[in-house]
Amino acid sequence: MALRLYNTMSARVEEFRPIESNQVRMYACGPTVYDYGHIGNFRTFIAVDILQRFLKQSGYQVRYVMNITDVDDKIIRNSARAGVGVRQYTAKYEKAFLEDAAMLNIEQPVLVRATDHIPAMADFIGKLEQKGFAYRSEDGSYYFPIAKFPPYGKLSKKDFAGMEDGARVDLDEYEKDNARDFALWKAPKPGEAFWETPIGRGRPGWHIECSVMSMQQLGDTFDLHAGGEDLIFPHHENEIAQSESLTGKTFANFWFHARFLLVEGEKMSKSLGNFFTPRDLVLKGHKPSSIRYLLTSVPYRNQLNFTWDGLHQAATSVDRLRNFRLRLSTGHFPEGTNQTMAKLAEDAVAAMRAALDDDLNTAQAQGAIFEMVRAANAAIDAGEMRKADVPALLGAIERFDEIFAVLADDDPQKIKTILDWARAEGREKEISSEALALAGSAQLSDAEIEEKVAQMAAARKGRDFKLSDALRAELIAAGIIVENTKDGIRWRRK
RNA sequence: GGCGCGGUACCCAAGUGGUAAGGGAGAGGUCUGCAAAACCUUUAUGCGUCGGUUCGAUUCCGACCCGCGCCUCCA
């Protein structure tokens with residue numbers, strides 16, 4: 001089986017074949033760090049993370065680059081308003097983005113910042129101008145003449161031929177030859193931040209950074225370019241125009257776009273009051289793993305409706321998987337093997353991989369692992385599990401978690417980190433009792449918990465159920481779930 | 001208006017020209033000192049509506065209704 005992916009360029013699902021057989025070079029448009037990232041942003045980043053993880057699991061070496069847009073109009077405006085430099089302004093949100101990504105188990109790509117590449121961008125624009133693919137306006141801005149690039153619109157399937165710009169030309173854009181021409185470089189207005197470069201003073205247009213940094217990191221032509229669906233036009237269309245005009249080569253072979261999510265059935269927006277960041281959700285008492293699971297539970301090209309109910313369902317689903325793993329790893333089974341278990345694990349992994357090969361059908365992949373869990377649990381209940389079967393089943397769970405990354409039992413620590421941040425930011429009022437309870441178990445070390453559990457086991461052995469129950473109540477209050485099984489006491493953090 | 005996506009049980013959500021994965025929730029049961037976990041049974045003669053093609057359609061085609069996205073530097 002080979003990975004088949006939807007390619008926005010061809011508008012079809014195609015077999016994904018990288019330029020080099022064993023290596024994938026990919027680029028994703030990252031965040032503009034003018035504010036905290038929201039769950040919509042993270043749906044996209046998680047989708048690309050899933051892709052990237054699956055490629056690695058499939059044996060590819062992956063070079064994955066993501067940009068950080070740390071200069072744009074909003075940043076210039078907000079930083080000026082705040083009376084601080086651009087870099088100082090963006091540093092806070094860049095840090096927050098990295099923390100959020102880590103919290104959601106997004107593996108860190110190679111990160112490149114726009115402001116670290118200003119000279120390269122100026123150079124790129126200069127070369128475009130030499131080739132006739134850029135013109136300078138009177139104020140010192142540079143624009144790309146889309147009329148010079150006939151394929152313009154091929155990604156977004158828009159036909160610009162014969163579409164002469166008529167009446168809808170913005171007053172402050174009178175310097176453009178065509179209303180559709182886009183800015184490569186923007187001359188500074190009075191008081192605005194700017195860079196001094198060979199092509200003049202100013203700042204880069206939005207699209208140029210991605211062309212410059214992706215090609216610098218990955219070459220003139222690379223395998224895959226990703227982003228949210230809104231970037232298809234104009235952002236990616238413009239990147240293609242710039243890059244292909246300069247090199248005469250195909251820019252990226254595959255275009256991967258994640259669909260927008262809805263929140264409670266509506267488009268997420270600040271005015272509707274349904275605008276959430278991962279931090280907001282954690283403060284309300286939701287676990288990072290629940291957020292990640294929900295965000296992966298609907299395939300990336302389908303609309304995902306983010307709801308509170310869905311978040312709870314996600315949490316329960318993750319618990320089911322964690323419980324299963326705990327049951328396997330702490331249970332005592334008779335020596336020997338049961339061939340059907342090895343087959344079960346093998347089939348589950350095969351089904352999961354087949355689902356992901358099919359344009360990253362994450363929902364189906366999750367279904368495959370749950371089928372295995374139910375069958376294996378049933379086998380345990382029926383006394384059919386053997387000691388030697390455990391590694392294969394745990395291995396299947398591991399293969400699953402290499403992609404989905406929701407099983408690590410580290411939510412309490414992560415939540416605690418967010419609570420500390422909220423206090424430092426003066427937002428402790430937003431901390432819910434649920435979040436406090438979840439973070440609570442991070443206070444106790446594993447050793448401390450083990451000690452309590454040992455006392456509890458001793459009490460039960462002496463049939464002192466009063467003491468045993470009291471100890472359990474104590475642990476529950478501290479956010480530890482304790483379960484008595486025939487193989488002894490099993491515990492986990494809530 | 002142009003281009004595109006979707007409407008599947010109480011909720012979320014896969015999927016297929018031949019008779020509906022999975023998760024959550026509910027109900028009943030098993031196990032258990034209690035609790036939890038887990039398992040079993042159960043919940044769509046039905047997959048937006050109406051037509052058409054077909055031996056047979058939820059799956060293909062057409063129309064219609066509804067929801068959503070891009071076409072405005074919002075992932």
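Chain identifiers are assigned alphabetically (A, B, ...) following the order of the sequence lines, protein sequences preceding nucleic acid strands; residue numbering begins at 1 within each chain. Every heavy atom of this structure was used, including side-chain atoms; hydrogens, water molecules and symmetry mates were not.
Separation of atoms CH2 (A:W255) and CG (A:L155) is listed at 6.0 Å; rounding is to 0.5 Å.
Considering only residues two or more places apart in sequence or on other chains, A:D280 meets the salt bridge (charged side-chain N to carboxylate O under 4.0 Å, His left out) condition with A:R427. A:Q313 meets the side-chain contact (heavy atoms from CB on, under 4.5 Å) test with A:D309; sequence neighbours excluded. Evaluation of the side-chain hydrogen bond (donor to acceptor under 3.5 Å, both in side chains) rule for A:K157 yields no partner, not counting sequence neighbours. Not counting sequence neighbours, A:F465 has no partner by the ring pair (Phe, Tyr, Trp, His ring centres under 6.0 Å) test. The side-chain hydrogen bond (donor to acceptor under 3.5 Å, both in side chains) check on A:K95 picks up A:E99, with sequence neighbours excluded. Under the side-chain hydrogen bond (donor to acceptor under 3.5 Å, both in side chains) criterion, A:D73 pairs with A:K186, A:R203, not counting sequence neighbours. Applying the ring pair (Phe, Tyr, Trp, His ring centres under 6.0 Å) rule to A:Y152 yields the partners A:F160; only residues at least two apart in sequence or on another chain are considered.
Across residues 32-46 of chain A, A:H38, A:G40, A:N41, A:T44 each have a non-hydrogen atom less than 4.0 Å from an atom of RNA chain B (numbered order). Within a heavy-atom distance below 4.0 Å of RNA chain B, no residue of residues 96-107 of chain A is found.
B:U8 and B:G67 have their C1' atoms separated by 15 Å, with the value rounded to a whole Å. The separation of B:C64 from B:A27, taken at their P atoms, amounts to 45 Å, rounded to a whole angstrom. Comparing the same atom, P, in B:C3 and in B:G24 gives a spacing of 43 Å after rounding to whole Å. Using P as the reference atom, B:G7 and B:C60 are 11 Å apart when rounded to the nearest Å. Nucleotides B:A36 and B:C47 are separated by 39 Å at their P atoms, to the nearest Å. To the nearest whole angstrom, the two C1' atoms, one in B:A14 and one in B:U72, are 36 Å apart. Nucleotides B:U53 and B:A44, compared at atom C1', are 26 Å apart to the nearest Å. One C1' atom belongs to B:U58, the other to B:C50, and the distance between them is 15 Å to the nearest Å.
Using a 4.0 Å heavy-atom distance criterion, A:R327 is classed as a sugar-phosphate-only contact. At a threshold of 4.0 angstrom between heavy atoms, the contacts of A:N377 are confined to the sugar-phosphate backbone, with no base atom among them. As judged by a 4.0 angstrom heavy-atom cut-off over every strand, A:A378 is placed among residues touching the sugar-phosphate backbone only. Counting non-hydrogen atoms under 4.0 angstrom, A:N302 reaches the backbone sugars and phosphates but no base. In this structure, A:P31 reaches neither bases nor backbone, as no heavy-atom distance under 4.0 Å exists between it and the strands shown. Within the nucleic acid shown, A:S269 has no heavy atom closer than 4.0 Å to any nucleic acid atom. Residue contacts shown for A:L294 are absent, as no nucleic acid heavy atom lies under 4.0 Å away. If you check every strand for non-hydrogen atoms under 4.0 Å, A:N484 touches a base. Using a 4.0 Å heavy-atom cutoff across all strands shown, A:L231 reaches sugar-phosphate atoms only and no base atom.
With B:C68, B:A13, B:C71 as the choices, the nucleotide that has an atom nearest any side-chain atom of A:F233 turns out to be B:C71. Distance from the side chain of A:D230 is smallest for B:C70 among the nucleotides B:A14, B:C70, B:C34. In the set B:C68, B:U72, B:A75, B:C68 carries the atom at the smallest distance from any side-chain atom of A:R259. Closest to the A:M268 side chain, of the nucleotides B:G2, B:G33, B:A75, is B:A75. Comparing B:U72, B:A13, B:C39 against the side chain of A:D381 picks out B:C39 as the nearest.
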Given Watson-Crick and G-U pairs under 3.5 Å, RNA chain B in dot-bracket ([ ] crossing, | other strand) is (((((((..(((.....[...)))((((((.......))))))....(((((..]....))))))))))))....
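The salt bridge (charged side-chain N to carboxylate O under 4.0 Å, His left out) contacts involving residues 27-37 of chain A comprise A:D35-A:K270, where partners must be two or more places apart or lie in separate chains.
Proximity of A:K267 to the phosphate of B:C70: a side-chain N or O atom is located under 4.0 Å from OP1 or OP2. The side chain of A:R322 contributes no N or O atom lying less than 4.0 Å from OP1 or OP2 of B:A38. Between A:K74 and the phosphate of B:C74, there is a side-chain N or O to OP1/OP2 separation shorter than 4.0 Å. Dashed line: the shortest gap from a side-chain N or O of A:N323 to OP1 or OP2 of B:A36 is not under 4.0 Å. An OP1 or OP2 oxygen of B:A13 is reached within less than 4.0 angstrom by no side-chain nitrogen or oxygen of A:N361.
Ring planes of A:F144 and A:F182: parallel class, angle under 30° (limits at 30 and 60°). Relative orientation of the A:H207 and A:H235 rings is tilted, given thresholds of 30° and 60° on the angle between their planes. Using cut-offs of 30° and 60° for the angle between ring planes, the A:H236 and A:H257 rings count as tilted.
The shortest distance between side-chain heavy atoms of A:V13 and A:R301 falls below 4.5 Å.
One side chain, A:S211 or A:S243, offers a donor N or O that lies under 3.5 Å from an acceptor on the other.
Using a 4.0 Å cut-off between charged side-chain N and carboxylate O, A:R87 and A:D116 make a salt bridge.
The base of B:C34 sits within donor-acceptor range of the side chain of A:R472, with an N or O pair under 3.5 Å.
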What protein N or O atoms touch nucleotides 23-27 of chain B N or O atoms at under 3.5 angstrom, if any, and at what distances?
residue : atom : partner : partner atom : Å
B:G23   : O2'  : A:S317  : OG           : 2.1
B:G23   : N2   : A:Q313  : OE1          : 2.5

Run the salt bridge (Lys or Arg N to Asp or Glu O under 4.0 Å) test on A:K158 and A:E237 for me, step by step, so that the C-alpha distance in whole Å, both residues' side-chain angles and the decisive distance to 0.1 Å come before the verdict. CA-CA 10 Å; A:K158 293 181 194 304; A:E237 199 73 71; over 6 Å; no
